[in-house]
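Right, one structure below, let's go through it.
Just so we're on the same page: letters track the sequence lines, and every chain starts at 1.
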Amino acid sequence: MSSIAKKTGFGATVWDYITTVDHKKIGVMYLLAGTFFFVLGGIEALLMRIQLMRPNNDFVSAGFFNELMTMHGTTMIFLAAMPLLFGFMNAVVPLQIGARDVAFPFLNSLGFWLFFFGGVFLNLSWFLGGAPDAGWTSYASLSLYSEGHGIDFYVLGLQISGAGTLISGINFLVTIINMRAPGMTYMRMPLFTWTTFVASALILFAFPPLTIGLALMLFDRMFGANFFDHTMGGNTIIWEHLFWIFGHPEVYILVLPAFGLFSEIFATFSRKRLFGYSSMVFATILIGFLGFMVWAHHMFTVGLGATANAIFAVATMAIAVPTGMKVFNWLLTMWGGSIKVTVPMLYALGFIPSFVAGGVTGVMQAAAPLDYQLHDSYFIVAHFHYVIVGGIVLALFGSAHYYWPLMFNQMLDERLGKVTFWFFFVGFHCTFFVQHFLGLMGMPRRVATYGAEQGLDTFNLISTIGAALMAIGVLMLVINVVKTAIKNEKVGRDPWGDGRTLEWAIPQPVPFYNFRQTPLVRGLDTYWIEKQEGNEEGMTYAEPLGDIHMPNNSILPFIMTIGLFIASFGALYNMDADKPWSIFLLIGGLSILFACMFARSFKDDHGYHVHVEDILAEEERLYGKKGGNN
Amino acid sequence: MAHHEEAVVRTPVEYAYERKKRSDQMKMQVVTFALMIFLTLIAFIAVNAGFSPYYVAPIILVFAGIQVVLQLYYFMHMNEPNMGFISFFMWSGIFIAFITVLCFVTIIWWHTAW
Ligand code: HEM
Ligand SMILES: [Cu+2]
C-alpha cells in the first residue's frame, strides 16, 4: 500500500487512515468494515440455521430469532454487500478511467465514516436493550408496535448510513462524468465503470424515498405522528410503498456492479473483447430504468387491485429481457475465447447458472396469481438468496481474488482459492436449493420453528449442513488472506498477464497520485491495445510530466460523523420520559456537526501540489532507479 | 455555458456571430415571456368564469407544467448545447417522481376511496 507519509508506527498509520481522502485507502477501509459486518451477519445466519436444524428446537427464543432475522437481512444488505461493492468501486473506478482521485475526496471520506458509524450504531442495539425485530423491511404495522428501542436503532442507523451511501453515489456520478482521462469517451468506459455509474444514478433516485419513509417512521415513533397508524387516520401501506420504491432499485444497485465485475472477469480470462459491449451498456441502463417501475411486485398480496397487479407483473417480467441479454453476452464472450480457469473465472462460471436460477424464480413470482401461493414462503427466501448470494456474493469473492493484486500487490493463493470456491458453491446450493421445496411444501418465511409432523425436517437439516459448508468456505478465504499477507510476495504490474483495462497498466505499487502523467485513452480495453502495439510503458500519455494537484487529508469527516453519532443517541433516548439528559446529547452532537461544517465552509482548502522532483523521488522510492513503467 | 465570460479578444466575425446569437436568444425569451403571461391570464380567466373545478384544476396543472419547462429551457439555459446529461437526469428524475405520485394517487388514495 503506497503512502506519502514517511512516518511509520501504528498510531501514525491509524491517523493516516482516519484522515485519508485517498480513494485507494478508503477502498481498503470499505473492504475491512464490509467484511467485518459480513462475518457478523454470517454468524447471525448460522445461529438461525442451528435453530431451524430440527423441529421444535429451542436453541434461541422466538423473540431473539426475530432480532437475528432482522439484523441478518439489514446487515447483509446495507452494511456488507453495499460497502463491499463501494470498496471495489473506490479501489478500481478512478484507476479505470484514468483519474487521480474521485471528484470530491473529502465527501468520499465522509461517506465512508457515515456508513461505518451508522452500522456501529445499529449493532449497538444488541447491547442496549434489544435489536430491531420487524424484518429488514420493517413494515409499519409491525414496527410501530415493537417494544423497546430496536426499531429506533434501525431508523436512525439506516438514516446515517443511508446519508453516507447517497453522498458516495453522487460522488461517483460526478467522478465518472467529469474526471475521465482524455479519449475515455462514454462508449470506451469499462463495464465496471458503466455499472457503477448506473448504480450511482439509482442510488441518487432510490435513497430519497427511503429517507422520507424513515423520517415519517421516526416521527410516528418519536412524536406520535400517526402517518402509518390506520386507527388514527394514517395508512400503513404508505410505508410499504416507500420502502419498496427504494427496495427494488436497491437490489439492482447491488447486482449491477456485480454484473460489471463479472464482465471484467469474463473478458479478461476469455482473453477476448467483451461480446456485445454496446448492448451491455444499453441493457444496464434499461435495467436501471425498469427497476423503478416494478416495486409493487413485492405487494401483490396487499390488495392493490387486479389492474395494478397486472401492470406491475408485466413490468417485472420485462426486466428479464435486458438481464437475459447480459447472460447471452457473457456466454458469447466465452465462446471461441481462449479460456483460463483461474479462481475469479471459476466464480464467474459458477455465477451464471446460479443467477439464472434466481432470475427464473423471480419471473415465476412476477406472475401475480402464482405469487399469492409463493409470497412470504421459503420460496421467496430461496429466490433472493439465489440472486444475492449467487450473483453479488460470488462477484465479491471472485473480484476479491481478481483485484487483490491491484490493491495489495500480492496474489491470493490459487489452489486454496479453488478449494474455497467449491466449499462455498456447494454449500450455497445445498442451503438454498431445498428451500424452494420447503416453500412449496408450505413453510412460511421468518418463523422461529416448525412442527415435527409437518415433514419439513430433512430439507431443513440439509439446508443447515449447507450453511456450515459456506461458513467453512468463508473461513478459508480469511485464512487465504492471512497466508498471503504473511508470505508477502510482490507480484508487480498485470500479474494475470491478460489485463485489458487501464487499471492494470499502472506500475505496482500504485503511487498515491495514481498516474504520473494523465493517460490518453485510444479505445475500449486501452491497456490491451497498448500491449498489442508493443508499448512497454503500457500507456500513451496525454501530457508531459508536470506538477500534480492533490487534495489534503482531513479529520473533519470523522469528527462530523462522531457528532451525528452522539446526536442520534440523544434523539433515540429523547423518547423516554425519564431521560431528560438526552436533549443535551442531541444538541451537543449536532453542534459538533455544524461546527465542522462551518469550519469546512469558511476555511478554503485548495490542496497541494506534488512537484516534478517529488514525483521522481517517489518513483525512485517505489520502483528503484529504473522507474515505474517497465 | 454562457456565464463567466473571460476577456478574450474576438475577431469581427466571431463578434457578429455572438451578437446575432444573443439577439436570437433575446427574441425567444421575450416570446416565451409573453406566452407565459398569456397562460397565466387564461388560468385566471378560467377560475373567474366559474367553470367546474374538475375542468379548471387539470388545466391549471398542465399550464404549470408547461411554464416549468419553458422556464427551464429558455431562462435557465437548458436549450444550450452540453446540457444533454443534465437534462437526461432531470427528465429521469421527473419521470420517476411522476410515476410515484401517480401510483400514490391512484392505488393508495383513490383505491381506498372506492
Ligand atoms: C429477473 C429478475 C427478477 C425478478 C423477475 C424478481 C422478482 C421478484 C419478485 C416478484 C419478488 C416478490 C416475491 C414475494 O415477496 O412474493 C422478489 C423478491 C425479492 N427479490 Fe427478486 N426478482 C429479480 C431479481 C432480483 C435480484 C437481482 C435481486 C437482488 C440482487 C432480487 C432480490 C429480491 C429480494 C431481496 C426479494 C425479497 C424481499 C423481501 O420480501 O424481503 N431479485 N423478486
Ligand atoms: Cu423487487
Side-chain angles (χ1 to χ4, degrees), chain A residues 169-170 173-174 176-178 180 186 197-198 200-210 212-213 216 227-228 230 233-246 248-249 285-286 288-297 299-300 302-312 315, chain B residues 1-8 14 21 25 53-55 57-58 60-62 64-114:
Chain A
I170 293 172
L173 280 178
V174 181
I176 294 172
I177 294 178
N178 283 342
R180 285 165 295 131
Y186 284 108
F197 183 66
V198 175
S200 303
L202 294 190
I203 288 177
L204 177 64
F205 292 134
F207 268 71
L210 176 70
I212 292 169
L216 298 184
F227 286 110
F228 303 130
H230 70 104
N235 188 337
T236 182
I237 301 299
I238 292 175
W239 165 267
E240 295 187 25
H241 278 289
L242 286 173
F243 186 87
W244 286 117
I245 287 172
F246 146 78
H248 189 83
I285 298 172
L286 193 60
F289 255 101
L290 288 176
F292 278 98
M293 281 162 248
V294 299
W295 76 88
H297 65 214
M299 302 168 61
F300 282 148
V302 160
L304 305 175
T307 318
N309 275 6
I311 292 172
F312 281 102
Chain B
M1 276 161 271
H3 19 266
H4 60 77
E5 216 77 352
E6 285 157 25
V8 278
E14 275 174 340
K21 214 171 79 182
Q25 265 178 10
Y54 287 102
Y55 176 69
I60 293 187
L61 283 177
V62 169
I66 295 175
Q67 298 228 15
V68 169
V69 174
L70 290 178
Q71 171 81 17
L72 280 175
Y73 274 82
Y74 291 103
F75 291 96
M76 299 177 79
H77 302 282
M78 244 169 80
N79 55 350
E80 284 170 23
N82 284 329
M83 297 296 274
F85 244 104
I86 297 174
S87 46
F88 178 74
F89 268 78
M90 280 185 62
W91 284 114
S92 310
I94 291 169
F95 178 62
I96 290 164
F98 176 75
I99 294 205
T100 307
V101 172
L102 184 73
C103 153
F104 272 52
V105 170
T106 52
I107 62 182
I108 302 182
W109 190 34
W110 279 343
H111 187 72
T112 349
W114 285 340

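Within a 6.0 Å sphere centred on OH of B:Y74, other residues, nucleotides and ligands contribute 12 heavy atoms or fewer.
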For this session: Give the intermediate values and the outcome of side chain to side chain contact (heavy atoms under 4.5 Å, CB included) for residues A:W295 and B:I99.
Result: CA-CA 11 Å; A:W295 76 88; B:I99 294 205; 4.1 Å; yes
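Taken to the nearest 0.5 Å, the CG atom of A:L204 stands 7.0 Å off from the CZ atom of B:F89. Taken to the nearest 0.5 Å, the CD1 atom of B:I96 stands 8.0 Å off from the CG atom of A:L202. Atoms CD1 and OG1, from A:I212 and B:T100 in turn, are 9.5 Å apart once rounded to the nearest 0.5 Å.
Looking only at side-chain heavy atoms (C-beta outward), B:F95 and A:F292 stay at 4.5 Å or farther from each other.
Residues passing the side chain to side chain contact (heavy atoms under 4.5 Å, CB included) test with B:L72, sequence neighbours excluded: B:V68, B:M76, B:M78, B:M90. Under the rule for a ring pair (Phe, Tyr, Trp, His ring centres under 6.0 Å), the partners of A:Y186 that lie at least two apart in sequence or sit in another chain are B:F85.
The minimum heavy-atom distance between A:F289 and B:S92, with the atom names listed, is CZ-OG, 3.6 Å.
The part of B:F104 that comes within reach of chain A is its side chain, from C-beta onward, which places non-hydrogen atoms under 4.5 angstrom from that chain.
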